[in-house]
Number of protein chains: 2
Amino acid sequence: MKGGVNMVQNAEEIQSKPISVIIVEDFKLTRVGLRCALNANDDINVVAEAEDAIEGLKLIEKNKPDVVLMDLGLPGMNGIEAMIKCKEMIPDIKIIALTSHDRSEEVIAALSSGASAYCLKDIDPQKLADVVRDVAIGVCWIDPMVAQMTLNALPKIDNIGFLPNKSSSEGRVPLTEREFEVLKHLVSGKSNTEIAKELIVSVHTAKAHVCSILQKMCVNDRVQAAVKAVKEGMV
Amino acid sequence: MKGGVNMVQNAEEIQSKPISVIIVEDFKLTRVGLRCALNANDDINVVAEAEDAIEGLKLIEKNKPDVVLMDLGLPGMNGIEAMIKCKEMIPDIKIIALTSHDRSEEVIAALSSGASAYCLKDIDPQKLADVVRDVAIGVCWIDPMVAQMTLNALPKIDNIGFLPNKSSSEGRVPLTEREFEVLKHLVSGKSNTEIAKELIVSVHTAKAHVCSILQKMCVNDRVQAAVKAVKEGMV
DNA sequence: TAATCCATTACCCGATTGTCTAATATTATT
DNA sequence: AATAATATTAGACAATCGGGTAATGGATTA
């Protein structure tokens with residue numbers, strides 16, 4: 001969470017490293033077009049290309065790019081499945097789903113399977129570069145053609161008893177950085193012993209952290225903490 | 001670089017009419033800040049401002065702006081309600097929800113009630129202008145801080161069904177209905193004892209179910225099961 | 001009919017968890 | 001320099017968890 005803020009500022013203020021991108025797309029012509037369009041920008045660097053998911057995953061594992069441009073209509077393993085595997089390998093990676101379809105199920109499936117953005121292939125090349133920059137810092141960007149159907153797919157909430165007061169912004173105690181580390185391991189299913197080993201501290205320390213995490217998150221056990229963390233995107 | 005978007009828009013679009021914007025925000029200082037930040041752009045024109053929802057709705061009805069910047073923490077009628085009414089009046093209007101909270105329920109509520117974008121108040125002013133342009137053409141834009149939780153809220157598609165390849169669905173053993181019930185309680189953080197009480201069975205039974213759930217889901221403990229269930233939308 | 005799967009219950013046992021109190025070192029913040 | 005917050009370690013304790021084995025009845029299917 002705190003990382004998000006930092007990343008935003010880094011991306012906007014400092015022009016350190018270019019954003020590394022991998023393209024996975026079966027049509028050679030489209031591939032070339034994408035590469036040219038993106039490489040025309042100083043701050044974006046297409047580091048590799050693949051024409052199918054298998055090859056793409058290999059390249060992604062090797063290069064660990066910031067952003068993946070993933071075509072959904074791939075032969076063999078489809079894009080959705082590839083995205084899931086991709087996210088399993090590198091949870092922090094950002095994926096832009098690229099396709100020419102605007103089928104509702106495909107859009108939702110892509111976004112709920114790890115994509116941070118959904119672009120139709122007739123997007124303006126310059127705009128695509130902007131999307132790459134946005135997505136790299138964590139923004140969710142959805143093409144106008146499919147934005148409405150995506151928003152409609154969100155669960156409706158009864159706003160009756162909706163009071164936007166201090167319920168959480170003030171009542172919520174922020175986790176320390178160390179506690180966030182512990183939380184990540186906790187979410188990945190590690191035991192206190194394993195967490196301790198990972199952080200090179202004693203089990204007592206790990207337990208202490210877990211304990212204060214539970215209290216700060218207002219939950220009773222680590223399962224609730226993990227679920228809440230996942231649902232709220234804390235990890 | 002930051003001018004990139006401007007150039008695209010200017011170059012491609014006829015610089016005909018600027019995007020008209022109405023700001024609804026109770027803090028005067030924030031209001032001024034927003035107006036200045038947006039009016040600094042030639043292609044954006046803040047046509048009116050309101051400090052509460054009632055006044056805002058009147059102004060919106062009169063001016064019919066392209067985009068509304070709506071604070072969610074308004075006194076009296078809250079922002080969500082205002083957005084719904086706003087959409088009823090002018091269905092095509094685009095709304096950017098603006099708030100300092102990052103509570104999951106509020107984000108989802110806003111987006112499912114008509115907002116096309118969700119920005120936290122610490123957004124870069126220049127970035128906000130970009131968002132206004134994006135939203136004006138129908139893009140859905142969501143702040144990095146809340147993007148993940150939004151995507152997590154999307155209904156998960158049962159990928160097994162429409163994935164042509166067996167690569168991921170092969171070794172997977174389906175859960176029985178009873179096990180699914182147990183899984184739901186497990187995800188909600190209940191202990192075996194509580195699950196047993198809920199399903200009116202003995203603790204032994206609950207444990208047996210949990211045990212086979214763990215095996216079928218190929219995980220080592222209930223935390224991993226819960227996280228996996230949430231991530232894959234099994235619950 | 002026989003075979004299979006499922007839900008159910010039971011017992012044992014070692015490992016793990018969450019809470020408590022308590023102390024010390026390190027690091028900001030003032 | 002003094003204060004506060006955080007990270008670290010420890011011991012102890014009740015409760016829970018996960019794995020193992022095993023038995024029973026019901027339902028479906030081959």
Side-chain angles (χ1 to χ4, degrees), chain A residues 1-6 9 168-231 234-235, chain B residues 160 169-232 234-235:
Chain A
M1 218 171 215
K2 288 176 181 171
V5 176
N6 288 333
Q9 288 175 348
S168 86
S169 0
E170 292 178 27
R172 176 190 301 177
V173 188
L175 298 191
T176 67
E177 284 192 27
R178 196 57 161 171
E179 286 162 353
F180 259 109
E181 287 185 70
V182 173
L183 181 60
K184 281 182 194 168
H185 291 296
L186 191 157
V187 169
S188 77
K190 292 198 173 71
S191 71
N192 290 337
T193 314
E194 290 170 320
I195 295 175
K197 206 167 295 176
E198 204 78 41
L199 301 183
I200 321 186
V201 294
S202 81
V203 189
H204 302 285
T205 309
K207 286 173 72 171
H209 286 312
V210 169
C211 214
S212 62
I213 288 174
L214 298 186
Q215 289 171 349
K216 286 184 177 178
M217 291 180 74
C218 300
V219 294
N220 298 317
D221 57 61
R222 54 173 53 218
V223 178
Q224 290 175 11
V227 169
K228 191 166 185 175
V230 172
K231 281 190 175 172
M234 300 172 66
V235 288
Chain B
I160 313 164
S169 49
E170 185 173 319
R172 184 179 302 183
V173 187
L175 299 190
T176 67
E177 280 191 31
R178 197 55 162 170
E179 286 163 350
F180 259 111
E181 286 186 73
V182 174
L183 181 60
K184 281 180 196 167
H185 292 295
L186 192 157
V187 168
S188 77
K190 291 199 174 72
S191 71
N192 290 337
T193 315
E194 290 170 320
I195 295 174
K197 207 168 294 176
E198 204 79 41
L199 301 183
I200 321 185
V201 293
S202 82
V203 189
H204 305 286
T205 309
K207 284 176 68 173
H209 286 311
V210 169
C211 222
S212 62
I213 288 174
L214 297 186
Q215 288 171 350
K216 285 183 178 179
M217 290 180 72
C218 301
V219 293
N220 298 316
D221 57 62
R222 54 173 54 217
V223 178
Q224 289 175 10
V227 169
K228 193 166 185 174
V230 172
K231 281 190 175 171
E232 300 193 357
M234 301 172 66
V235 288

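Chain naming here is simple, since letters A, B, ... match the order of the sequence lines and numbering starts at 1 in each.
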Participant: On DNA chain C, compare the nucleotides closest to B/V203 and A/Q215; which residue's is nearer the 5' end?
Facilitator: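 Looking at DNA chain C, the more 5' nearest nucleotide goes with B/V203.
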Participant: If you check every side-chain atom of B/T176, which of D/dT9, C/dC6, D/dG18 has the closest atom?
Facilitator: C/dC6
Participant: A/V210 side chain: which of C/dT9, D/dT9, C/dG18 is closest?
Facilitator: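 Ranking C/dT9, D/dT9, C/dG18 by closest atom to the A/V210 side chain puts C/dG18 first.
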Participant: Between atom CZ in A/R222 and atom C1' in D/dA15, what is the gap in whole Å?
Facilitator: 15 Å
Participant: In whole angstrom, what separates A/L214's CG from C/dG18's P?
Facilitator: 6 Å
Participant: In whole Å, I'd like the distance from the CD atom of B/E177 to the P atom of D/dT28.
Facilitator: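 It is 12 Å, rounded to the nearest whole Å.
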Participant: What's the CD1-P distance between B/I213 and C/dT8, to the nearest Å?
Facilitator: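 From B/I213 CD1 to C/dT8 P: 12 Å.
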Participant: Whole angstroms only, please: what is the CG-C1' distance between A/N220 and C/dT19?
Facilitator: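 It works out to 13 Å between those atoms.
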Participant: Nearest whole Å is fine: how far is D/dC17 C1' from B/H204 NE2?
Facilitator: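 The distance from NE2 of B/H204 to C1' of D/dC17 comes to 14 Å, rounded to the nearest Å.
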Participant: Any side-chain N or O of B/T205 below 4.0 angstrom from OP1/OP2 of C/dT8?
Facilitator: no
Participant: In whole Å, I'd like the distance from the CG atom of B/L186 to the C1' atom of D/dG18.
Facilitator: 12 Å
Participant: Tell me if a side-chain donor or acceptor on A/K207 pairs with a main-chain N or O of A/N192 at a distance below 3.5 Å.
Facilitator: no
Participant: Closest approach to the side chain of A/H209, judged atom by atom: which nucleotide of C/dT9, D/dA7, C/dG18 is it?
Facilitator: D/dA7
Participant: Measure from the side-chain heavy atoms of B/S191 and tell me the nearest of D/dT16, C/dC11, C/dG18.
Facilitator: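 My answer, after comparing the listed nucleotides, is D/dT16.
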Participant: Given C/dT9, C/dG18, D/dT8, which nucleotide is nearest the side-chain atoms of A/D221?
Facilitator: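 Taking heavy atoms from C-beta onward, the closest nucleotide is C/dG18.
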Participant: I want to verify a distance call: between D/dG18, C/dT17, C/dT9, whose nearest atom is closest to the A/K207 side chain?
Facilitator: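 Comparing D/dG18, C/dT17, C/dT9 against the side chain of A/K207, the answer is C/dT17.
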Participant: Would you say the side chain of B/T176 lies within less than 4.5 Å of the side chain of B/K216, judging by non-hydrogen atoms?
Facilitator: yes
Participant: Any heavy-atom pair between the side chains of A/V210 and A/E179 that's under 4.5 Å?
Facilitator: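 SC-SC contact between A/E179 and A/V210 ruled out.
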Participant: With a 4.5 Å limit on heavy-atom distance, are the side chains of A/V227 and B/V227 in contact?
Facilitator: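 In short, these two side chains do not touch, never coming nearer than 4.5 Å.
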Participant: Would you say A/N192 places a side-chain N or O within less than 4.0 Å of OP1 or OP2 belonging to C/dT16?
Facilitator: no
Participant: Any side-chain heavy-atom pair from A/K190 and B/N220 closer than 4.5 angstrom?
Facilitator: no
Participant: Rounded to whole Å, please give me the gap between CD in B/Q224 and P in D/dG18.
Facilitator: 10 Å
